[in-house]
Amino acid sequence: MIIEPRMRGFICLTAHPVGCEQNVINQINYVKSKGKIDGPKRVLVIGASTGFGLASRITSAFGSDAATIGIFFEKPSAPGKLATPGWYNTAAFEKQAQEAGLYAKSINGDAFSNEVKEKTLALIKEDLGQIDLVVYSLASPVRTDPTTGITHRSVLKPIGAPFKNKTVDFHSGKVTEISIDPCTEEDIQNTIKVMGGEDWEMWIDGLKAANLLAPNALTIAYSYIGPELTEPVYRKGTIGRAKDHLESTAFTIADKLSDIGGNAYVSVNKALVTQASSAIPVIPLYISLLYKVMKAEGIHEGCIEQIQRLYSERLYTGGNVPVDEKGRIRIDDWEMRADVQAKVAALWEEATTENLPSIGDLEGYSNDFYNLFGFKVGGVDYTADTNEVVEIPGLQ
Ligand code: NAD
Ligand code: NA
């Protein structure tokens, strides 16, 4: 079929398999161009099909020759039915991994469930024996607690007072004022349940109890801080509370891993266009201004550049892992540079519907958004008849 982008609100309902494949190949080529990393050999990535998790899987495999197991929640393809991008990404990744002689298997299901955890542990036991690195990169709006059976929904709201600021609809380019009402106490607890560290700890507990973590094993989860501008709705809002919880869970897990010489880290990553971040109000306006400034400075990065740098310059240098005063790895260092932030803050003041296309990188934002779904990718013939059914070779 001929596959075209079909937008509804902030999501795209279609995905292009060849465009997704090309994105993955581009990421693989980037990692290869940076040379070998003396990193992990057996890696479990939870949230492996898109964004930072996919970049972690690619960096592990093609930077460090690692065998990888990927966990994700994606819609498969069927005749006449398109898959979600993460499905096509994974199919492309596994094809490339197999051609390179690298072990790669995947499990598609709810990572929060006991069932997927058990299936994963059995697969590791059978195929890899133990794991050297566990990457935890889930972004989800809901989680059913396997112990209580209760389904929790996360919210993106300020705490204590309404938040009023500018935002942009990146499809229309319209800059408007939004006002978001503050959350309830229950919203905070639900958001922590979904995006905090509880599930990460459950994964590590399960792996450790089954003796599936190798000596000196590491685990890493991803966090975000961002500028003062977005604080009320991000870092000091409901999602920020969940990130506080995630970050404190790293210490709990690190303690539990100390007897095997292991460690747990949170890496604070840069703001990037992903399916998760485009749903957060205000963030798209911030990102479009940030991209403009960082590109002008020659310090712009995407997920793959971020994670390649995380591995090669933070986690696997052979020396100590550098962390901030709260024990976090900072790979958002270039985003948070004082000169970059001062420029973004000044542009924010000025931003209007009329001037945003020139003072901000609205086009870059929009392009990255299309790219997430395999559209507007260089070298892809979108007029060609494309097979929508694509298999993931190592799917369990
Ligand atoms: P993403 O939406 O691209 O990826 C989410 C992944 O989680 C996908 O692989 C998806 O299949 C998987 N997933 C979701 N629900 C699942 C479930 N129930 N079971 C199994 N898999 C499931 O998101 P992302 O932006 O790469 O976010 C990953 C992490 O990075 C998050 O913790 C996020 O907060 C953090 N982060 C994001 C940004 C950003 O700007 N995008 C910046 C810093 C940190
Ligand atoms: Na991810």
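Both backbone and side-chain heavy atoms feed into the values below; hydrogens, waters and symmetry mates do not.
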Are the side chains of [X] and [Y] in touch, meaning some heavy atoms are under 4.5 Å apart?
X	Y	result
Asn216	Asn263	no
Val293	Lys343	yes
Asp333	Arg314	yes
Lys236	Arg241	no
Leu213	Gln130	no
Leu156	Ile180	no
Ile124	Ile69	yes
Ser288	Phe170	no

Any salt bridge between [X] and [Y], counting N to O under 4.0 Å?
X	Y	value
Asp332	Arg330	yes
Glu301	Lys270	no
Lys41	Asp132	no

Tell me yes or no: between the side chains of [X] and [Y], is some donor less than 3.5 Å from an acceptor?
X	Y	result
Asn355	Thr352	yes
Thr249	Glu201	no
Tyr224	Asn269	no
Asn114	Glu118	no

Determine yes or no for a side-chain-to-main-chain donor-acceptor pair under 3.5 angstrom, with Asn29 supplying the side chain and Ser33 the backbone.
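Not at all, since once roles are kept as given, no pair shorter than 3.5 Å links the two residues.
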Criterion side chain to side chain contact (heavy atoms under 4.5 Å, CB included) on Ile287 and Ser277, from CA distance to verdict
CA-CA 10 Å; Ile287 290 182; Ser277 69; 4.2 Å; yes
Point-to-point distance, once rounded to the nearest 0.5 Å, from [atom1] of [X] to [atom2] of [Y]:
X	Y	atom1	atom2	result
Thr84	Phe73	OG1	CZ	10.0 Å
Lys119	Leu121	NZ	CG	12.5 Å
Tyr30	Ile304	OH	CD1	8.0 Å

Side chain to side chain donor-acceptor pair (under 3.5 Å) partner of Asp199, the single match among Lys117, Arg143, Lys193:
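So, applying the side chain to side chain donor-acceptor pair (under 3.5 Å) to Asp199 and each of Lys117, Arg143, Lys193, only Lys117 qualifies.
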Take a 6.0 Å sphere around [atom1] of [X] and say whether it holds more than 12 heavy atoms from other residues, nucleotides or ligands.
X	atom1	answer
Glu186	CD	no
Lys36	NZ	yes
Glu115	CD	no
Asp38	CG	no
Glu391	CD	no
Glu126	CD	no
Glu363	CD	no

Got a sec, which residues hit side chain to side chain donor-acceptor pair (under 3.5 Å) with [X], two or more places apart in sequence or on another chain?
X	answer
Thr219	Trp200
Ser106	Arg57, Glu94
Lys295	Asp361
Ser113	none

Walk me through whether Ser77 and Glu388 qualify under side chain to side chain donor-acceptor pair (under 3.5 Å).
CA-CA 7 Å; Ser77 58; Glu388 70 281 11; over 6 Å; no
According to ring pair (Phe, Tyr, Trp, His ring centres under 6.0 Å), who are the partners of [X], at least two apart in sequence or on a separate chain?
X	result
His300	Tyr291
Phe251	none
Phe72	none
Tyr316	Tyr311

Which atom pair, heavy atoms only, marks the closest approach of [X] to [Y]?
X	Y	answer
Leu310	Ser267	CD1-OG, 3.6 Å
Thr68	Ser60	CG2-CB, 4.1 Å
Ala15	Tyr88	O-CE1, 3.7 Å

Same cluster or not: are [X] and [Y] linked, directly or through other Ile, Leu, Val, Met, Phe, Trp or Tyr residues, by side-chain heavy atoms under 4.5 angstrom apart?
X	Y	result
Val18	Met1	yes
Leu347	Val340	yes
Leu229	Ile225	no
Leu138	Val116	yes

Quick one, Lys34 with Glu305, criterion salt bridge (charged side-chain N to carboxylate O under 4.0 Å, His left out). Give me CA distance, side-chain angles, the key distance, then yes/no.
CA-CA 10 Å; Lys34 301 300 275 187; Glu305 289 85 357; over 6 Å; no
Tell me, please, which residues at least two apart from Asp244 pass salt bridge (charged side-chain N to carboxylate O under 4.0 Å, His left out).
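Expected list: Arg235.
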Give the table of side-chain donor-acceptor pairs shorter than 3.5 Å for residues 157-168, with sequence neighbours excluded, one pair per line with atom names and distance.
{"from": "Asn165", "atom 1": "OD1", "to": "Trp348", "atom 2": "NE1", "distance (Å)": "3.1"}
{"from": "Lys166", "atom 1": "NZ", "to": "Trp348", "atom 2": "O", "distance (Å)": "2.7"}
{"from": "Lys166", "atom 1": "NZ", "to": "Glu349", "atom 2": "O", "distance (Å)": "2.9"}
{"from": "Lys166", "atom 1": "NZ", "to": "Ala351", "atom 2": "O", "distance (Å)": "2.9"}
{"from": "Thr167", "atom 1": "OG1", "to": "Val282", "atom 2": "N", "distance (Å)": "3.1"}

Going by side-chain hydrogen bond (donor to acceptor under 3.5 Å, both in side chains), name the pairs with one or both residues in residues 1-15, residues two or more places apart or in two chains.
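side-chain hydrogen bond (donor to acceptor under 3.5 Å, both in side chains) check on residues 1-15 returns no pairs.
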Do Phe369 and His171 have their ring centres less than 6.0 Å from each other?
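That pair passes the under 6.0 Å test.
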Going through the checks in order, is the side chain to side chain donor-acceptor pair (under 3.5 Å) test met by Thr59 and Gln308?
CA-CA 6 Å; Thr59 303; Gln308 200 282 335; over 6 Å; no
For Val142, the rest of its hydrophobic cluster, which grows through side-chain links under 4.5 angstrom:
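Hydrophobic cluster check, Val142: no partners found.
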Stepwise, does the salt bridge (charged side-chain N to carboxylate O under 4.0 Å, His left out) test hold for Asp324 with Lys326?
CA-CA 5 Å; Asp324 71 6; Lys326 289 186 171 168; over 6 Å; no
